[in-house]
Structure formats: C-alpha cells, structure tokens
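Read through the structure below, which is laid out as structure tokens, and then see the notes.
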Amino acid sequence: MDIEDFDGPIPTVFSDSTVAAVVNFTIGEDPELSGFKIVFPDDEDEDVSMYDGYNKFYIFRYAYRILIGRFPELEPHMIYATFASDEYNDAEYSNIADQYAWFYKVADTVEEDLDEPINADMQKWEYFWLKLLTAQGKSEEEIIRDAWFGKGRLYHLSCADDFPTAKPFASFPPGQDNTVTTSFSKLPYDVLDYLCITYLSIWETSSLLCLNRSRRAALLPFIDTFAQKAIARRHPYWLPIVAPCLRGDEEQLRWEEMWAASEDAVPWAPYARECGMSPNMRNRERIWGMAERFRDLVKQQGWLDGRTSG
C-alpha cells in the first residue's frame with residue numbers, strides 16, 4: 001500500500017494490500033490525539049503525519065516484536081482486523097489504549113470508580129494519584145511499590161526490552177562444618193538437577209546458598225546451570241526474542257552486546273534475581289501472556305484456519 005494511505009478511511013477489506021505495519025514512527029506534536037509521524041532514516045527532513053487515529057492502532061515496538069516473534073503466522077491485516085472486531089476488549093491493555101492517552105490512566109481502576117476531587121480544578125485521575133502518593137500510615141517505600149506494582153501499576157509503562165544486568169554470586173570458604181557439603185556431594189548431579197528444576201523455583205534454589213557456607217560451596221558451581229534451565233522452562237520472557245519483522249533482531253543484538261564485556265558466562269542465577277525485581281521484566285511477562293491471548297483471539301476470528309480471508 002502507498003504511504004499516503006495511512007491517513008485514509010478505515011478499510012472495508014482487510015488484506016496485505018490494505019493494511020500494513022509501520023515501525024519507524026515517533027512522537028509528533030500532539031501524541032494524545034494520535035499525533036505521530038513516520039520517520040524515514042535516509043531523509044531526516046521528510047516525515048509523514050499520522051494524525052487521524054481512527055484508521056490505525058498503535059503497538060509498542062517491543063510488544064509487536066514479542067507478538068510476531070512468538071507467533072510469526074500473524075500478519076498485519078490479521079492483527080488489525082482483530083483489533084477492530086467486536087470481540088476485542090482492551091481492558092487488560094491498560095486505559096492508555098484510549099484515544100486520549102493520558103499516561104496516569106494506567107492505574108488499575110476505571111473512571112466510574114474514582115472519587116470526586118476535592119478541588120474543582122483537579123481531574124478524577126489526578127486526585128487518584130494525589131491520594132495514592134500521599135497515603136497516610138504508609139512508608140515511602142510502600143507508597144512507591146504501590147505506585148509501581150500495586151494500584152498504580154506504573155510498570156505497564158516500563159520498557160519491556162530493557163534487560164537487567166547482574167554479577168556472579170560471590171564464593172566464600174566452606175567453613176568448618178562439612179556435614180552439609182558431604183551430604184550434597186553424595187547426590188549425583190542429575191539428582192540435584194532434577195530436584196532443583198522440578199520442585200524448587202529459581203529463588204528457592206538460590207536461597208539455599210544463604211543457609212551456610214558449606215551448602216553454598218556445594219551448590220554454587222551448579223546454581224547458574226540450574227537457573228538457566230529454569231528460565232528456559234518457566235520464564236522464557238526473560239530471554240531475548242527474534243521476530244521476522246523490521247528491526248526484529250534488536251533484542252538479540254543488545255543482549256549479545258550487554259554480555260560481551262563479561263569475562264565469564266552469563267550469571268544466570270543473579271540475572272534471574274534481578275529479573276524478578278525489574279519492572280521492565282514484569283511488564284514483559286504481562287505482554288508475553290497478552291500475546292498468547294491475542295493470538296487465540298485471532299484464531300477465533302477464523303484468520304488462521306481459512307474461515308476468514310482478506
């Protein structure tokens with residue numbers, strides 16, 4: 001399709017000739033009114049306005065990369081048609097999906113449930129945040145956590161392709177009591193691997209290192225191997241994904257660059273601990289699940305089995 005068609009009417013037929021995915025666009029003068037513009041890398045002075053928001057849907061690039069990376073069978077016109085369908089409900093996609101994308105509307109609530117402001121010049125959403133950030137009887141740490149991971153859920157705005165870094169766990173002399181070391185040493189590696197991967201979470205396995213130095217000395221050589229396997233099995237969203245789209249390999253390239261300076265292999269157990277505390281990875285996990293549910297909705301629409309065609 002021609003680039004000028006992006007400000008045209010809503011298509012009546014969804015196909016690869018009427019719907020396309022545009023990756024290189026940036027903030028325009030009025031982003032709250034869908035004021036974005038397409039950027040052409042070869043000509044910095046040329047851009048195309050994308051103001052009219054009624055014939056297009058905006059997806060964060062990292063979310064699109066996750067969606068297409070997990071389900072490469074999804075084509076742009078299928079995604080657009082599903083967004084435009086009556087079955088699509090953007091409730092779980094945060095209130096920032098509204099045309100007027102005021103970012104403080106990301107909170108886990110709806111406008112109908114908000115209290116009336118005490119100040120006539122204040123909007124309901126502003127009053128919500130004022131109360132959350134000045135809550136009585138809570139410490140500063142509790143308020144910040146509630147804003148990020150509680151009712152405020154600011155983590156929805158975190159960059160979901162910004163992976164944390166980590167340093168290897170420190171090793172210590174095993175100490176005087178070698179009883180635990182001996183008992184662990186008697187277990188074959190395959191048994192340790194099975195027990196830790198099958199029955200313990202990454203955090204539970206890592207916490208064993210903190211019990212005493214003997215246990216730490218016995219487990220430390222294997223802890224990163226256990227964590228790497230657990231991440232691949234239970235937390236694949238903590239790993240970079242490569243998608244069959246423009247700039248689809250950005251995550252993998254940045255991942256390789258991030259660990260290139262490391263003298264050792266990736267410290268998987270410390271990395272998992274950092275991921276567990278990262279708002280970026282919390283948002284990535286959310287989008288990972290959303291991608292699967294969205295793919296199921298595309299299938300329900302009949303796009304993947306031939307019941308619907310462009």
Side-chain angles (χ1 to χ4, degrees), residues 59-72 74 92-94 106 108 144-145 148-150 152-170 192-210 219-245 247-296:
I59 307 175
F60 282 112
R61 185 165 62 245
Y62 48 73
Y64 185 72
R65 189 184 297 125
I66 290 173
L67 177 63
I68 299 301
R70 293 197 66 193
F71 307 108
L74 300 184
E92 71 167 328
Y93 299 83
S94 303
V106 71
D108 184 17
I144 292 176
R145 181 162 187 82
W148 275 98
F149 299 110
R153 65 179 186 186
L154 286 174
Y155 76 91
H156 281 208
L157 301 178
S158 296
C159 190
D161 58 355
D162 188 2
F163 297 93
T165 58
K167 296 182 179 180
F169 287 141
L192 274 176
D193 179 82
Y194 175 76
L195 292 175
C196 291
I197 299 302
T198 305
Y199 296 104
L200 300 179
S201 69
I202 297 176
W203 300 275
E204 290 170 335
T205 303
S206 298
S207 67
L208 296 176
L209 301 178
C210 303
L219 284 177
L220 193 59
F222 313 114
I223 196 70
D224 284 331
T225 301
F226 296 158
Q228 183 180 13
K229 292 182 178 180
I231 289 173
R233 179 181 298 184
R234 302 175 184 170
H235 310 280
Y237 36 81
W238 290 348
L239 299 173
I241 195 168
V242 176
C245 61
R247 301 169 70 173
D249 61 348
E250 281 188 345
E251 287 187 5
Q252 184 64 38
L253 294 176
R254 279 191 277 110
W255 172 273
E256 294 173 356
E257 182 180 357
M258 182 173 69
W259 298 111
S262 177
E263 297 179 358
D264 304 311
V266 177
W268 291 104
Y271 172 72
R273 182 183 62 180
E274 294 299 321
C275 285
M277 298 184 293
S278 168
N280 300 337
M281 294 299 100
R282 176 80 171 270
N283 193 30
R284 187 176 179 84
E285 178 181 0
R286 179 183 73 93
I287 294 171
W288 194 271
M290 286 167 47
E292 185 167 356
R293 292 189 291 275
F294 188 83
R295 189 264 183 190
D296 291 342

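Numbers here are sequence positions counted from 1.
Side chains of Arg295 and Arg70 form no contact here, defined as non-hydrogen atoms less than 4.5 Å apart. Residues Asp161 and Arg284 form a side-chain contact, since some pair of their non-hydrogen atoms from C-beta on lies under 4.5 Å apart. For the pair Gln228 and Tyr271, the minimum side-chain heavy-atom distance is 4.5 Å or more.
A pairwise comparison of heavy atoms in Ala269 and Asp224 identifies N-OD1, 2.9 Å as the closest pair. Nearest heavy-atom pair, Ala166 versus Pro267, reported as atom, atom and distance to 0.1 Å: O-CG, 3.5 Å. Counting all heavy atoms, side chain and backbone alike, Asp162 lies closest to Asn280 at O-ND2, 3.3 Å. Minimum heavy-atom separation, Tyr237 to Phe163: O-CE2, 4.3 Å. Summarising the geometry of Ser158 relative to Asn283, their closest heavy-atom pair is O-ND2, 2.8 Å, with the distance given to 0.1 Å. Between Pro240 and Gln252, the shortest heavy-atom contact is CG-OE1, 3.5 Å.
Environment of CZ in Arg254: crowded, with over 12 heavy atoms of neighbouring residues, nucleotides or ligands closer than 6.0 Å.
The distance from atom CG of Asp108 to atom NE2 of His156, rounded to the nearest 0.5 Å, is 7.5 Å. With rounding to the nearest 0.5 angstrom, the OG1 atom of Thr165 is 6.0 Å from the CH2 atom of Trp259. To the nearest 0.5 Å, atoms OH (Tyr155) and CZ (Arg286) are separated by 6.0 Å. Put simply, CD1 on Ile241 and CH2 on Trp288 are 4.0 Å apart, with the number rounded to the nearest 0.5 Å. Here the straight-line distance linking atom CD1 of Ile287 with atom CG of Leu67 works out to 10.5 Å at 0.5 Å rounding. Atom CZ of Arg247 is separated from atom CZ of Arg65 by 7.5 Å, given to the nearest 0.5 angstrom.
The aromatic rings of Phe60 and Tyr62 lie parallel to each other, with less than 30° between the two planes, well short of the 60° mark. Classification of the His235-Trp238 ring pair by plane angle, with boundaries at 30° and 60°, yields parallel.
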